[in-house]
Number of protein chains: 2
Amino acid sequence: MGNLYRFVEPVLLYLVKRKGRAYGYELANDLRAHALTDAEIEVASLYRALRQLEVNGCVTSEWDVEGSGPARRVYVLTAHGEEHLREWIVVLDHLSRSMKRFIRGARSVVSGAGRGADE
Amino acid sequence: MGNLYRFVEPVLLYLVKRKGRAYGYELANDLRAHALTDAEIEVASLYRALRQLEVNGCVTSEWDVEGSGPARRVYVLTAHGEEHLREWIVVLDHLSRSMKRFIRGARSVVSGAGRGADE
DNA sequence: ACTCAATAGATGCAACTTGCATATATAGAC
DNA sequence: GTCTATATATGCAAGTTGCATCTATTGAGT
């Protein structure tokens, strides 16, 4: 298809909130399971997204040197981050309703837009 | 909020299909009414999106010099454009379902994510 | 000891996209 | 003659993305 890309931000906020403490490498896997699109997640952009969330004050981070293997940058959601997630929920709710409406209209103008018997 | 931007492409394909013939300036208004987000639509990016759709073979255009005022570049949907719209419908259907699922999960981990008694 | 793979995070850069300002031109109203 | 609405387009700075690449730690295999 081409476009659609992210919505990575709200999913990250959600995952960090749910896990309490989370680090990038681990989130890459969780993201694949919870992503809103099946578009491949670039690890580089994931790490950058997390740093950006920190710059915006949505998460804080510190190095975790416990355990084996290389150090992990562990993120925790801030109050502001949770507020941001709440805003995302409202936006995505609105967006998914708009899409539903659009799909109904669009299906009526194109031929053979298979709708699959579900719903 | 910040992000979310477009989904301008599928709405343009839909509008051009529904109208049969359509030009940019006119579509700017229709877009405001049918857009999936309430984000402001940049006219410049609208014109560029239409030219891009033409490059991709989704629409064809020609100048309409009838009527008063400056000439209009009138667009018509191609078969490929209609196919592309059909693909968009599938993608958006999938996406809106994913969002619904995500919203349910996310609401359960944040406090006071007002869901509005509707639905 | 040496090598390899998995884990973990990050940067460099070219290519692309976006937002904003601006340019061009026609036509009707005043 | 000037102003506004209509109509399309470009230039450029700033931001974003995809891909390749780099660093480093640890454990397993030989």
Side-chain angles (χ1 to χ4, degrees), chain A residues 1-12 15-16 19 21-33 35-56 58-76 88, chain B residues 1-12 15-16 19 21-33 35-56 58-76 88:
Chain A
M1 209 48 138
N3 288 23
L4 276 221
Y5 8 69
R6 56 242 110 198
F7 297 106
V8 164
E9 191 180 299
V11 180
L12 285 180
L15 288 172
V16 173
K19 295 168 99 69
R21 293 163 49 81
Y23 61 98
Y25 192 85
E26 165 194 40
L27 286 167
N29 297 312
D30 299 331
L31 205 50
R32 238 163 262 132
L36 300 189
T37 76
D38 41 348
E40 198 52 39
I41 306 294
E42 258 292 312
V43 269
S45 71
L46 168 63
Y47 285 119
R48 279 197 269 236
L50 286 166
R51 302 310 298 272
Q52 199 51 47
L53 285 175
E54 187 168 21
V55 169
N56 298 339
C58 291
V59 297
T60 54
S61 80
E62 51 184 57
W63 288 103
D64 176 4
V65 290
E66 314 290 312
S68 81
R72 301 161 169 180
R73 186 183 285 278
V74 175
Y75 292 92
V76 176
W88 263 113
Chain B
M1 209 49 137
N3 288 23
L4 276 219
Y5 8 70
R6 57 247 105 193
F7 296 105
V8 164
E9 191 180 299
V11 180
L12 285 180
L15 289 172
V16 173
K19 295 168 98 69
R21 293 164 49 80
Y23 60 99
Y25 192 85
E26 165 195 39
L27 286 167
N29 296 313
D30 300 329
L31 206 50
R32 237 162 263 132
L36 302 190
T37 76
D38 42 347
E40 197 54 37
I41 306 293
E42 258 291 312
V43 269
S45 70
L46 168 63
Y47 285 117
R48 279 198 268 236
L50 286 167
R51 301 310 297 273
Q52 200 51 48
L53 285 175
E54 187 168 21
V55 169
N56 299 339
C58 291
V59 297
T60 54
S61 79
E62 50 184 58
W63 287 104
D64 176 4
V65 289
E66 314 291 312
S68 82
R72 300 161 171 183
R73 186 183 286 276
V74 176
Y75 291 92
V76 176
W88 263 113

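The figures here come from the full heavy-atom set of this structure, side chains too, leaving out hydrogens, waters and symmetry mates. Lettering of chains follows the sequences in order, A, B, ..., and the numbering in each one begins at 1.
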For this session: Take the protein atom OH of B:Tyr47 and the nucleotide atom C1' of C:dT24, then report the distance between them rounded to whole Å.
Result: 13 Å
For this session: Scan nucleotides 2-7 of chain C nucleotide by nucleotide, 5' to 3', and note B when protein non-hydrogen atoms come under 4.0 Å of the base, S if they reach only the sugar-phosphate, - if neither.
Result: -----B
Problem set entry | Side chain proximity check, B:Leu12 to B:Glu9, heavy atoms < 4.5 angstrom | no
For this session: Give the rounded distance in Å between these two atoms: CD of B:Gln52 and C1' of D:dT10.
Result: 15 Å
Exercise. Between A:Phe7 and B:Phe7, how do the two ring planes meet: parallel, tilted or perpendicular, split at 30° and 60°?
Worked result: parallel
For this session: Measure the shortest side-chain to side-chain distance between B:Val59 and B:Leu50 over non-hydrogen atoms and say whether it is less than 4.5 angstrom.
Result: no
Exercise. Do B:Arg73 and B:Arg51 have side-chain heavy atoms sitting under 4.5 Å apart?
Worked result: yes
Exercise. So, A:Arg72 and A:Glu26, do they make that salt bridge, N to O below 4.0 Å?
Worked result: no
Problem set entry | Euclidean distance, A:Lys19 NZ relative to A:Asp30 CG, rounded to 0.5 Å | 3.5 Å
Problem set entry | Atom-to-atom span, CZ of B:Arg73 to C1' of C:dT26 - whole angstrom | 16 Å
Seminar exercise, completed: CD1 (B:Ile41) and CG (B:Leu31) are apart, to the nearest 0.5 Å, by 4.5 Å
Seminar exercise, completed: Taken to the nearest whole Å, OH/A:Tyr75 to C1'/C:dA8 is 11 Å
Seminar exercise, completed: Taken to the nearest whole Å, CG/B:Leu46 to P/D:dT10 is 14 Å
Anything under 3.5 Å between a protein N or O and an N or O of nucleotides 19-23 of chain D, put it in a table, one pair a line.
from   : atom 1 : to      : atom 2 : distance (Å)
D:dC19 : N4     : A:Arg48 : NH2    : 3.4

Seminar exercise, completed: Smallest heavy-atom separation, B:Val65 atom then B:Ala71 atom, equals CG1-CB, 3.9 Å
Exercise. How about B:Tyr47 and B:Tyr25: do any of their side-chain heavy atoms sit closer than 4.5 Å?
Worked result: yes
Problem set entry | For atom CG of A:Leu12 and atom C1' of C:dG9, their distance in whole Å | 15 Å
Exercise. Over how many whole Å does the gap from A:Leu50 atom CG to D:dT16 atom C1' extend?
Worked result: 16 Å
Problem set entry | Spacing of B:Ile41 atom CD1 relative to C:dT17 atom P, expressed in whole Å | 17 Å
